[in-house]
Amino acid sequence: STNDSKSTSKKKVVAVVGGGLVGNLNACYFAKRGFQVEVFESREDIRQAKIVKGRSINLVLSHRGRQALKHVGMEDTIISKGIPMHSRMIHALNGTQSPIPYGKKGQYILSIDRANLNKELLSAAETYPNINLNFAHKLLNWSTETGAMTFHLFVEEIQADLIVGCDGAFSAIRKQFLRQSRFNYSQTYIPHGYLEITMPPINGEFAMKPDYLHIWPRNTFMMIALPNLDKTFNCTLFMPFEEFEKVTTGDKVIEFFQKYFPDAIPLIGAEALKRDFFRLPAQAMVSVKCSSYHFGDKCVLMGDAAHAMVPFYGQGMNAGFEDCLVLNEIMDQLNEDFSAVLPEYTRVRVPDGQAIADLAMYNYVEMREHVNSKWFLFRKYVDNFLHIIMPRTIIPLYTMVTFTRTRYHKVVKHWHWQDKVINQGLLFCAAVSVAGGSYLLVRYPPSMPNIPIEQLWSRLQALKSPF
Ligand code: FAD
């Protein structure tokens, strides 16, 4: 039973502004606690709309997001429509493909259709009698004094006991926060943009192996492809805007792909490629960090409104879903007293929101700069090896982020700690081998071992991707 609390706050009204991924999930959380929930979404009902404008067509769902869905009984429905991806599949320039597992056996991430997920969340929200979905309600402003909200095309002001800002990276709710003293805010656009290209099925079957996240790492450029239930792949090309600007004609698209992603041309089809490339202009990517996440006992920011991040860790939605879980845990601890819950939420969640935004940005830089460093690739191997022999002490960064609910800021701390330990260990090993080697060189005549360096190198090259 969900109505198990005796608190008088039950009849309080919670306004969730933004009926996207995080907003709808959040609405379910508040409804489950017995609040009267009003969701205000600027778009029409996407379940009826023909064209759904939005961001990436599919998304990676992992542990944190799944745990949050599980709490409202949605995990199974959502994962049944997801495609498990156990490994990355790295496409080298010469067309060879090499898989790299995401974690241990049985650990995988899921490719999820964004529009379908949003629809499922809307329908789930609709099953609660105490949730009201208000479409075509675009919030213009709200008053920090009275809490009253004003909407585009609606004259009357609407009041709620709590406003939950889930209105995404360009949050209108957040605008009022910017006027407050001691509110920190930063927003960074990266020089890369992205565009999406569909890879159709071939003879009714997936054009590539479906249970992988395919990656074509090319230093400053990168293409990834995620499978869809209709046997298409959704390819996303990430590239600096100035490079996009150079590709101005269909012929140049083919030339560009010929040079960097030749194996993808026959799979996508030259004509489709030329068409998809110019369907939409390349989209920008923004990272947003702020604090606090709350205003008094009136308003709280969640999801992208609080921490939009670049998509290179596949964590934006997962972190936003986890926000709902974290707030819910605090609501339990502090008896739904908003004046205590909201500051505590800020205290707990800001370090984590900032840590994952930083990690996502780190991965973006890692992709461009560090992947060429032999030392970096060597270290990835060492980390994975150590994880096998000391699974509790040494945990690869990706594993902590993707397959655990370790708080993001603790993930960063542990990562720095193990980095130091491993580097010192390696230094020690190097010193011992230099000393030992020198001794052996003096003692015995040298002989060259026959190490298959090429084989090792091609494996290391394959680790060039952050995903
Ligand atoms: P949004 O999804 O932006 O939803 C906000 C909602 O608020 C929308 O419905 C909007 O219409 C509504 N709204 C906006 N303004 C108003 C207003 N003034 N009044 C009323 N309503 C309003 N995350 C992952 O976890 N895994 C991934 O693999 C992944 N891949 C990504 C790939 C790309 C290319 C991009 C750009 C992002 C990716 N993300 C991924 C991040 C993910 O998309 C976001 O973190 C997630 O959508 C955030 O959800 P949200 O509900 O907070 O915001």
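Everything quoted here is computed from the prediction, not taken from an experiment.
Two rings, from Phe338 and Phe35, have their centers less than 6.0 Å apart. Between Phe151 and Trp142, the distance separating the two ring centers is not shorter than 6.0 angstrom. Between His71 and Tyr29, the ring centre distance stays below 6.0 Å.
Checked for salt-bridge contact, Arg349 and Glu322 meet the test: a charged N lies under 4.0 Å from a carboxylate O.
Paired with His192 under the rule ring-ring contact (aromatic ring centres under 6.0 Å, His included), one option of Tyr364, Phe244, Phe221 passes, and it is Tyr364. The one candidate from Phe261, Phe206, Phe233 that meets the ring-ring contact (aromatic ring centres under 6.0 Å, His included) condition with His214 is Phe233.
Between atom OH of residue Tyr362 and atom CD1 of residue Ile356 there is a gap of 13.0 Å, rounded to the nearest 0.5 Å. Annotation: the span from Leu139 atom CG to Lys175 atom NZ amounts to 8.0 Å, rounded to 0.5 Å. Note that OG of Ser287 and CE of Met361 are 4.0 Å apart. Values are rounded to the nearest 0.5 Å. Interatomic distance, CD of Glu38 versus CG of Asn134, reported as 5.0 Å (0.5 Å rounding). Between atom OG1 of residue Thr188 and atom CE of residue Met285 there is a gap of 13.0 Å, rounded to the nearest 0.5 Å. To the nearest 0.5 Å, the span separating CD on Glu344 from CD on Glu329 amounts to 11.5 Å.
Using a 4.5 Å heavy-atom cutoff, the side chains of Ile79 and Arg66 are in contact. Side chains of Leu397 and Leu359 form a contact here, defined as non-hydrogen atoms less than 4.5 Å apart. Looking at heavy atoms from C-beta onward, Val72 lies in side-chain contact with Lys32 at the 4.5 angstrom threshold. The side-chain heavy atoms of Leu59 and Leu21, taken from C-beta on, include a pair separated by under 4.5 Å. In this structure the side chain of Gln333 reaches within 4.5 angstrom of the side chain of Ile330, judged on heavy atoms. The shortest side-chain heavy-atom distance between Thr144 and Gln180 falls under the 4.5 Å cut-off. The closest side-chain heavy-atom distance from Pro343 to Thr346 is not below 4.5 Å. For the pair Glu255 and Asp251, the minimum side-chain heavy-atom distance is 4.5 Å or more.
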Could you go step by step and tell me if Ile254 and Lys274 meet the side-chain contact (heavy atoms from CB on, under 4.5 Å) rule? CA-CA 7 Å; Ile254 302 298; Lys274 288 184 196 172; 3.6 Å; yes
Would Arg47 and Glu126 count as a salt bridge (Lys or Arg N to Asp or Glu O under 4.0 Å) if you check the C-alpha gap in whole Å, the side-chain angles of each, and the deciding distance to 0.1 Å? CA-CA 12 Å; Arg47 292 166 301 177; Glu126 232 168 27; 3.0 Å; yes
Evaluate ring pair (Phe, Tyr, Trp, His ring centres under 6.0 Å) for Phe154 paired with His137, printing each intermediate quantity in order. CA-CA 8 Å; Phe154 291 86; His137 272 68; 3.8 Å; yes
Quick one: do Arg179 and Glu145 satisfy salt bridge (Lys or Arg N to Asp or Glu O under 4.0 Å)? Show the steps, please. CA-CA 13 Å; Arg179 297 160 172 262; Glu145 272 125 52; over 6 Å; no
Please evaluate residues Asp358 and Lys289 with respect to the criterion salt bridge (Lys or Arg N to Asp or Glu O under 4.0 Å), reporting the C-alpha separation (whole Å), side-chain torsions for both, the decisive distance (0.1 Å), and the verdict. CA-CA 9 Å; Asp358 286 341; Lys289 285 201 268 181; 2.6 Å; yes
Mind running side-chain contact (heavy atoms from CB on, under 4.5 Å) on Leu117 and Met317 for me, showing each step along the way? CA-CA 11 Å; Leu117 177 59; Met317 169 194 66; 3.5 Å; yes
List the steps and the verdict of side-chain contact (heavy atoms from CB on, under 4.5 Å) for Cys235 and Thr198. CA-CA 6 Å; Cys235 308; Thr198 306; over 6 Å; no
How far apart are the C-alpha atoms of Lys81 and Glu120, what are their side-chain angles, what is the distance that settles it, and do they pass the salt bridge (Lys or Arg N to Asp or Glu O under 4.0 Å) test? CA-CA 11 Å; Lys81 290 191 184 135; Glu120 294 272 6; 2.5 Å; yes
Going through the checks in order, is the side-chain contact (heavy atoms from CB on, under 4.5 Å) test met by Ile46 and Lys119? CA-CA 7 Å; Ile46 55 162; Lys119 288 175 189 170; 4.0 Å; yes
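A side-chain N or O of Asn58 and one of Asn228 form a donor-acceptor pair less than 3.5 Å apart. Looking at Arg33 and Asn328, their side chains do bring a donor and an acceptor atom within 3.5 Å of each other. Side-chain contact, Thr232 with Asp230: a donor N or O sits under 3.5 Å from an acceptor N or O. Side-chain atoms of Gln107 and Thr402 include no donor-acceptor pair closer than 3.5 Å. No hydrogens or angles considered: nothing links the side chains of His63 and Asn318 as a donor-acceptor pair under 3.5 Å. No side-chain donor from either of Asp211 and His86 sits under 3.5 Å from a side-chain acceptor of the other. Side-chain contact annotation: Tyr185 with Gln187, donor-acceptor N/O pair under 3.5 Å present. Side-chain atoms of Tyr408 and Gln315 form a donor-acceptor pair, as typed in the model, at a separation below 3.5 Å. A side-chain donor-acceptor contact under 3.5 Å links Asn141 and Gln176.
Put simply, the side chain of Ser111 gets close to the backbone of Pro227: a donor and an acceptor are under 3.5 Å apart. The backbone N or O of Val155 sits nowhere less than 3.5 Å from a side-chain atom of Glu157 that would complete a donor-acceptor pair. In this structure, Asn234 contributes its side chain and Leu226 its backbone to no donor-acceptor pair below 3.5 Å. Of the possible donor and acceptor atoms, none in the side chain of Ser87 sits under 3.5 Å from a partner among the backbone N and O of Met89. No side-chain donor-acceptor contact under 3.5 Å links Glu75 to the backbone of Lys70. For the pair Asp167 (side chain) and Ile173 (backbone), a donor-acceptor distance under 3.5 Å is present. Side-chain atoms of Asn335 do not come within 3.5 Å of backbone N or O of Met331 as any donor-acceptor pair. Under the 3.5 Å distance criterion, the side-chain polar atoms of Asn130 are matched with a main-chain donor or acceptor of Ala31. For the pair Arg64 (side chain) and Thr406 (backbone), a donor-acceptor distance under 3.5 Å is present. No donor-acceptor pair closer than 3.5 Å links the side chain of Arg279 to the backbone N or O of Leu195.
Between Phe277 and Phe257, the angle of the ring planes goes over 60°, which puts this pair in the perpendicular group of the 30/60° scheme.
Considering every non-hydrogen atom in both Asp304 and Gly316, the closest pair reads OD1-O, 4.4 Å. The minimum heavy-atom distance between Ala15 and Met149, with the atom names listed, is CB-CE, 3.5 Å.
Figure legend: Arg218 and Phe238 shown without cation-pi pairing, the cationic atom not lying both under 6.0 angstrom from the six-membered ring centre and within 45 degrees of its axis. Cation-pi check for Arg88 over Tyr398 is met; the charged atom lies under 6.0 angstrom from the ring centroid and within 45 degrees of its normal.
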